[in-house]
Colleague: 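Can you read through this structure? Questions will come right after.
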There are 2 protein chains.
Amino acid sequence: MASRRNEINSIEIARLAGVSRSTVSRVVNNYPNVPPETREKVMRIIEEYNYFPNMSAQVLAGKKTRTIGLFLVDAGHVAGDILANMLISSVIENASGCGYYVLTHILRSTADGDAVRRVKEIFYQRRIDGGIFIGAPNEEPLIESLIAEGFAVGIVDQHLPGKSDPNRLVVNFDNATGMDLAVGYLAELNHRNIGIINGAMNRFSGPDKYESFLRAMERRGLAVNPDWVLPGDFHESAGYEAISRLLASGKPLPTAIIAANDSVAFGAMKALKAHGLRVPDDLSIIGFDDHVLSAMQHPALTTVRVDFDLLMKQLTDGLIRYIETGAAFTEPYVAPSELIIRDSCRSL
Amino acid sequence: MASRRNEINSIEIARLAGVSRSTVSRVVNNYPNVPPETREKVMRIIEEYNYFPNMSAQVLAGKKTRTIGLFLVDAGHVAGDILANMLISSVIENASGCGYYVLTHILRSTADGDAVRRVKEIFYQRRIDGGIFIGAPNEEPLIESLIAEGFAVGIVDQHLPGKSDPNRLVVNFDNATGMDLAVGYLAELNHRNIGIINGAMNRFSGPDKYESFLRAMERRGLAVNPDWVLPGDFHESAGYEAISRLLASGKPLPTAIIAANDSVAFGAMKALKAHGLRVPDDLSIIGFDDHVLSAMQHPALTTVRVDFDLLMKQLTDGLIRYIETGAAFTEPYVAPSELIIRDSCRSL
DNA sequence: CTGAAAGCGCTTACAG
DNA sequence: CTGAAAGCGCTTACAG
């Protein structure tokens, strides 16, 4: 604690090296107009005294913070959400590779005014140079207001036709291909009665997956039975409840169900098990994401894998590039999908 | 971008409210010596203009950053490490509850000079008010130098007798109790030939678990066979290799093995399976941590659960309290252990 | 190639 | 209760 008092600053380094603060700043910032001998002389002192420029002073004088914010929306108890955690680490590692830091923030709900205010504060305070949002509704006023203010914001899963601000950087999942893969695979296994448990419809990927489902079914001449279009969201409980309700309704079952994501599929499988039904014998199931736990389910879950790590890398790198150069995405990036066949679907 | 130009500042707010910057600052900082009417008048303008004080200016003028650093050491590819991710979220959520932000940083190795320098930089730059280290060796020069410089540092898993700087805040696992629970349980099941796969011996919990194992065995009059004391670390691969080597040696097997943590136990189980041995029929196994995947193993893994969330809460809250008031831990916190009995141990 | 000086936007004694 | 002013530690035109 005591030693915190005499922090060394650029004036002190300048004195010690026999130059001006300007020159110290020039070598710290690696400017070209410093002769090698001067640079070396100053560097020696800097290293000898363990000098690191005070970040607040640098930022106040016009430098960037080299920090990006990462905002997880509606993540429930995130500490338990494996996928959300993966995304956090992915952003941290990618940003770190660019010499950037990540300030992670969890936002329970965008309906909570205080919570929204706290997010705005982070931007307005200039704590960060830009931020990434994961899990936000497709048209989220908080995000729109931030973009309108000119802040650099990266968004996962959004589609707002017509909006194309340069400071709005968007990446998406290739839901159309993924859903086509899923439906196509089930069709190959001779399924004709295929249902879906939808995701959250206020997020872009919710309706996008649903519409992709409709198109994929139509393309194969398969009818969509409204009784088998089950409302849900992206959580496990939604899958459990959707199946429980369907079972309770007494209506006939489809032979296969596509879940909006793997968590939903887990819930659906639990509900089926709880009612004495077997997967895939009584019902085939396909999920989305390829969650870490998917391969460990019983049966192992067939799913459409999304390369989240790559997706986050594109977004993080893109955001940093925008911050540094003002270069916007030329076109929205879309993560490829891949069908991972395991044991949760059977041939009819 | 354009709107970024005319950021509003305290001078502007002062002008609009018809007061001085000093007064604006007083209401922003909630100082008592401002009459209610003045406060309201200023607050109205602040809200109307969406004014948030520039953080760098505040810090430069003497305020705290309200940010803590979280440093994950030797975390391999952290994006894939579920447990590490839980710890990150736990710290973020706890800090957020105190109005603090978390800057997470991943440190491959404390042997990498550049990596170490980058960590130091974060502290010296005053980017953070303090930092938490997870996974560092027990006596880590980087940490010691930071503490010597007076920085506030929280540490998970450390024991350095005699060192008791107020700015060194330590939490530990209750390895002694946990190991006693594990050995006691196996002894009850009539196991006498018990082995151990050790953790990393440069971390405190490595040797601490081992010594606790020796004591727990001795307490029950059980002999420790050196052939069954297997070197390892805290990764899954160490468990796999330890068992593979033991099997390859042709030496007799113990009837039970305690793994330094659950990841190691997973590796051990895989190795046994690969050699056609069954758990618990041929060998009983106990892990430590109660990893998310432990209950999903085949057989489900019996383990000593550690309440990581509580542990991180104690540390995070303690660190923030120290930053704000200078109050040190009165005594190192120790997380309680609990035996979770599942299916990986059999009675002899 | 280099230094003196202004300026970044706050907070905080100090004086009244 | 309130304002004028110094100071926090940098960077960056500007002038030479």
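On a predicted model such as this, the values are computed, not experimentally measured, just so you know. Just so we're on the same page: letters track the sequence lines, and every chain starts at 1. For the numbers below, each heavy atom of this structure counts, side chains included, while hydrogens, waters and symmetry mates do not.
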Colleague: Paired with C/dA13: which nucleotide, if any, by Watson-Crick or G-U wobble criteria at under 3.5 Å for both distances?
Modeller: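 Partner of C/dA13: none.
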
Colleague: Ring centroid separation for B/Tyr51 and A/Tyr124, is it under 6.0 angstrom?
Modeller: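 Centroid distance B/Tyr51-A/Tyr124: not below 6.0 Å, so no.
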
Colleague: Quick one: is B/Ser10 getting a side-chain N or O under 4.0 Å of the C/dG9 phosphate, OP1 or OP2?
Modeller: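 So the side chain of B/Ser10 is outside the cut-off, no N or O lying under 4.0 Å from OP1 or OP2 of C/dG9.
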
Colleague: Taking the nucleotide of DNA chain D with the nearest heavy atom to each, does B/Thr23 or B/Gly62 sit closer to the 5' end?
Modeller: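 First, find each residue's nearest nucleotide; the 5'-ward one identifies B/Thr23.
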
Colleague: In whole angstrom, what separates B/Phe52's CZ from C/dG9's P?
Modeller: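 Taking CZ of B/Phe52 and P of C/dG9, I get 17 Å after rounding.
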
Colleague: Could you pick out which residue, B/Tyr51 or B/Arg26, lies toward the 5' side of DNA chain C when each is mapped onto its nearest nucleotide?
Modeller: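 Its nearest nucleotide lies further toward 5', so the answer is B/Tyr51.
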
Colleague: So which nucleotide from C/dG3, C/dC10, D/dG3 ends up closest to the side chain of B/Val19?
Modeller: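 Of C/dG3, C/dC10, D/dG3, D/dG3 is nearest to the side chain of B/Val19.
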
Colleague: Could you state the atom-to-atom distance from CD1 of A/Ile11 to P of C/dG3 in whole Å?
Modeller: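 Rounding to the nearest Å, CD1 of A/Ile11 and P of C/dG3 are 14 Å apart.
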
Colleague: Using a heavy-atom cut-off of 4.0 Å across all strands, would you classify B/Asn54 as base, sugar-phosphate, or nothing?
Modeller: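 Here B/Asn54 touches the backbone only, sparing every base.
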
Colleague: Compare the minimum distances between each of D/dG3, D/dT2, D/dA13 and the side chain of B/Ser22, then state the nucleotide with the smallest one.
Modeller: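 Nearest to the side chain of B/Ser22 among the choices is D/dG3.
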
Colleague: Indicate, yes or no, whether a donor-acceptor pair under 3.5 Å links the base of C/dG9 to the side chain of A/Arg126.
Modeller: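 When only heavy-atom distances are counted, A/Arg126 does not reach the base of C/dG9 through any donor-acceptor pair under 3.5 Å.
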
Colleague: Mind calculating the distance between CD (B/Glu121) and P (D/dC10) to the nearest angstrom?
Modeller: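 Computing the B/Glu121:CD to D/dC10:P distance gives 13 Å.
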
Colleague: Base, sugar-phosphate, or nothing for A/Asn33, non-hydrogen atoms under 4.0 angstrom?
Modeller: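 Since a base atom lies under 4.0 Å of A/Asn33, the category is base.
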
Colleague: Report the C-alpha separation of A/Phe123 and B/Phe52 in whole Å, then their side-chain angles, then the decisive distance to 0.1 Å, and conclude whether the ring pair (Phe, Tyr, Trp, His ring centres under 6.0 Å) test is met.
Modeller: CA-CA 9 Å; A/Phe123 281 89; B/Phe52 294 87; over 10 Å; no

Colleague: May I have the distance from A/Asn9 (atom CG) to D/dG7 (atom C1'), rounded to whole angstrom?
Modeller: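 After rounding, the gap between these two atoms is 12 Å.
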
Colleague: Check the distance between C/dC10's P and B/Glu12's CD and give it to me in whole angstrom.
Modeller: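 Atom-to-atom, B/Glu12 to C/dC10, this comes out as 11 Å.
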
Colleague: On the side chain of A/Ser20, is there an atom forming a donor-acceptor pair with the base of C/dA4 - under 3.5 Å, no angle test?
Modeller: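 Between C/dA4 and A/Ser20, which were checked side chain against base, a qualifying N/O pair under 3.5 Å is absent.
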
Colleague: Could you state the atom-to-atom distance from CD of A/Glu7 to P of D/dC8 in whole Å?
Modeller: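 One finds 12 Å between P of D/dC8 and CD of A/Glu7, rounded.
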
Colleague: Taking OP1 and OP2 of D/dT12, is either one under 4.0 Å from a side-chain nitrogen or oxygen of A/Tyr31?
Modeller: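 Result: yes.
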
Colleague: Give the rounded distance in Å between these two atoms: CZ of A/Arg15 and P of D/dG9.
Modeller: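 The distance from CZ of A/Arg15 to P of D/dG9 comes to 15 Å, rounded to the nearest Å.
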
Colleague: If you check the B/Arg21 side chain, which of D/dA5, D/dG3, D/dT11 turns out closest?
Modeller: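 When the side chain of B/Arg21 is considered, D/dA5 is the closest of D/dA5, D/dG3, D/dT11.
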
Colleague: Return the CG to CG distance between B/Leu87 and B/Asp309, rounded to the nearest 0.5 Å.
Modeller: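 The CG atom of B/Asp309 is 9.0 Å from CG of B/Leu87, to the nearest 0.5 Å.
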
Colleague: Whole Å only: how far is the CE atom of B/Met55 from the P atom of C/dG9?
Modeller: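 Going from B/Met55 (CE) to C/dG9 (P), I get 16 Å.
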
Colleague: Check this one for me: any side-chain N or O of B/Ser56 less than 4.0 Å away from OP1 or OP2 of C/dG9?
Modeller: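 Negative; the distance criterion is not met.
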
Colleague: Which listed nucleotide (C/dG3, C/dT11, D/dT11) is nearest to the side chain of B/Gln58?
Modeller: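 Among C/dG3, C/dT11, D/dT11, the one nearest the side chain of B/Gln58 is C/dT11.
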
Colleague: Below 4.0 angstrom, N of the basic side chain to O of the carboxylate: do B/Glu324 and B/Arg66 qualify?
Modeller: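 Here B/Glu324 pairs with B/Arg66 in a salt bridge, since their nearest N and O are under 4.0 Å apart.
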
Colleague: Using a strict 4.0 Å threshold on nitrogen-to-oxygen distance, state whether A/Arg108 and B/Glu93 make a salt bridge.
Modeller: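 Counted as a salt bridge, because a side-chain N and a carboxylate O are separated by less than 4.0 Å.
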
Colleague: Parallel, tilted or perpendicular, judged at 30° and 60°: which one describes the rings of B/Phe204 and B/His159?
Modeller: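 Ring orientation of B/Phe204 relative to B/His159: tilted.
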
Colleague: Tell me what B/Ser25 touches on the nucleic acid: a base, only sugar-phosphate, or nothing, going by heavy atoms under 4.0 Å.
Modeller: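 Contact class for B/Ser25: base.
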
Colleague: From the options D/dG3, D/dG7, D/dG9, select the nucleotide whose nearest atom is closest to the side chain of B/Ala61.
Modeller: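 Given the options D/dG3, D/dG7, D/dG9, the side chain of B/Ala61 is closest to D/dG7.
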
